[in-house]
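Below is one structure; the comments refer to it alone.
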There are 2 protein chains.
Amino acid sequence: MAKAALKAAMKKRTAPKEERQQQLIRATIRSVAKNGLSDTTMATVSRQAGLSQGIINLHFQSKDRLLVETLRYLSEQYRETWERALAKAGDSPADKLAAMVAIDFKPPVCDPNKLAVWFAFWGESKSRPTYRKICASRDMAYRAEMVQVCQQLVEEGDYHDVDAATVAAGISAMTSGLWLDLLTSPRSMTRERALQICQAYLAITFPNHFS
Amino acid sequence: MAKAALKAAMKKRTAPKEERQQQLIRATIRSVAKNGLSDTTMATVSRQAGLSQGIINLHFQSKDRLLVETLRYLSEQYRETWERALAKAGDSPADKLAAMVAIDFKPPVCDPNKLAVWFAFWGESKSRPTYRKICASRDMAYRAEMVQVCQQLVEEGDYHDVDAATVAAGISAMTSGLWLDLLTSPRSMTRERALQICQAYLAITFPNHFS
DNA sequence: ATCAAATGAATGATTGTTCATTCATTGCAA
DNA sequence: TTGCAATGAATGAACAATCATTCATTTGAT
């Protein structure tokens, strides 16, 4: 959806269904970041959106559905950002890997509010299979691609001691771990520093490609 | 506290204050793991403990305090486990680092329920300074020690291209990232595999010590 | 017998949801 | 253009359900 349309939706008293839904999802992200998931109510979200109480049930039927759609929105946005970056990147596996790592530490993916929401959902995921499924679908394509890229790098660079699947899992884990640092200690961790830490891992693992 | 005392507390109708408190904290961990933080109520916790509704207010005054004390309990337990492992380990920095990494993927730290609770609190930490402070105090000592150990390794092994602070941050991030995998995809990630991924990182970074 | 520990019904506050009403936009006739 | 229904989006007060907390009463250990 165009940003212009969303801004229009926020000013007009009535707006098309899809625009209002996205406006409410964005308000949910702000509310969860500000109040936490357990203090996010229909009232805090509708207030964030500058709309009335009943608006969420009108567009999403229930609070549960609003939350699920918010997670789906984040998941979709991540996938789009990732696929776009991969399309832009060069054909070499090194370029691809560099691009995949880079987007994880730049907007729109690496945004303080969105990270807070990701962790809020992860924190509930053990008791909510629906959340787990949405998260899993995000991971699958991403990880498959990363293993493949690492495998190509291993072959290209004759890194005999490197296991592609292991490194891929390591990079992916390091990324979410650095997101946690960005969330819990924003004073001592920055996006730039996080990217640097990740790149150091690439450099020592694939020295012929990243040094 | 001794385990025997806790078991006694669970059977007796009355028990010393400290035993009941720990019993309730353990019940909280189970409830948060099972129901999530936002569906954890005074009723679910007291039911888990096999006690009555009012018992929590009697021992913790409020729900908020119960949750804070639960986080503190986890934080303390982590610190104790870590310090004990370090005391047991040899004097060489390699032994120390291996020990620090190992405990992160073994009980009692690496337990499915406890991981779920850690992430539940992290997910709320942006909106709750109290949670952030408790988490920060856990990190500080741990990270300081890890940087120091990595620094010693770098000097010992002449790893001129390795920056100790960067590697330390990378290991720490990879650990929490692997915890997330254990939480969200317990079918495809095991503690053994997670430890292996971490050790591969150590091996490639400090080949003279971990190969 | 005493008294701290534990209970669980009662209470007030909060929350998600509903729905009758209000309001703005759109299409159409004059 | 101007006036006027018709449509459906948005509102917000009201409702029912849930929850944390309180406290008079009960229980059991010393």
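A note on names: the letters A, B, ... follow the listed sequences, proteins ahead of strands, and every chain is numbered from 1.
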Expressed as a whole number of angstroms, how long is the span from [X]:[atom1] to [N]:[atom2]?
X       : N      : atom1 : atom2 : value
A/Gln21 : D/dA10 : CD    : C1'   : 15 Å
B/Ile56 : C/dT7  : CD1   : C1'   : 13 Å
B/Met42 : C/dT7  : CE    : P     : 13 Å
B/Gln53 : D/dT26 : CD    : C1'   : 17 Å
B/Arg65 : D/dA20 : CZ    : P     : 17 Å
A/Leu58 : C/dA20 : CG    : C1'   : 14 Å
B/Lys17 : C/dC3  : NZ    : C1'   : 16 Å
A/Arg47 : D/dT11 : CZ    : P     : 14 Å

Face-on cation placement of B/Arg138 at B/Trp118 ring, 6.0 Å and 45° thresholds:
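That pair qualifies as a cation-pi contact.
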side-chain contact (heavy atoms from CB on, under 4.5 Å) partner of B/Gln21, chosen from B/Gln23, B/Lys17, B/Glu19
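Testing B/Gln21 for a side-chain contact (heavy atoms from CB on, under 4.5 Å) against B/Gln23, B/Lys17, B/Glu19 leaves exactly one candidate, B/Lys17.
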Between A/Asp39 and A/Gly54, which is nearer to the 5' end of DNA chain C once each is assigned its nearest nucleotide?
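That would be A/Asp39.
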Please tell me if A/Arg20 has a side-chain N or O lying less than 4.0 Å from either OP1 or OP2 of D/dA9.
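So the side-chain polar atoms of A/Arg20 never come under 4.0 Å of the phosphate oxygens OP1 or OP2 of D/dA9.
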Would you say A/His59 places a side-chain N or O within less than 4.0 Å of OP1 or OP2 belonging to D/dA9?
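Negative; the distance criterion is not met.
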Between [options], which one does the side chain of [X] approach most closely?
X       : options                : answer
A/Ser62 : D/dA20, C/dT17, D/dA10 : C/dT17
B/Thr41 : C/dA9, C/dT7, D/dC19   : D/dC19
A/Ile55 : D/dG12, C/dA6, D/dA10  : D/dA10
A/Lys63 : C/dG8, D/dG12, C/dG16  : C/dG16
B/Asn57 : D/dA13, D/dT22, D/dT11 : D/dT22

Is the shortest distance from a Lys or Arg side-chain nitrogen in A/Arg128 or A/Asp64 to a carboxylate oxygen in the other one below 4.0 Å?
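Between A/Asp64 and A/Arg128 there is a salt bridge, with a charged N closer than 4.0 Å to a carboxylate O.
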Check ion pair A/Arg79-A/Glu83 (N to O, under 4.0 angstrom)
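Looking at A/Arg79 and A/Glu83, the cut-off is met.
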Please give me the minimum heavy-atom distance between A/Phe210 and A/Ala98, naming the atom from each residue.
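Scanning both residues completely, I find the closest heavy atoms to be CE2-CB, 4.0 Å.
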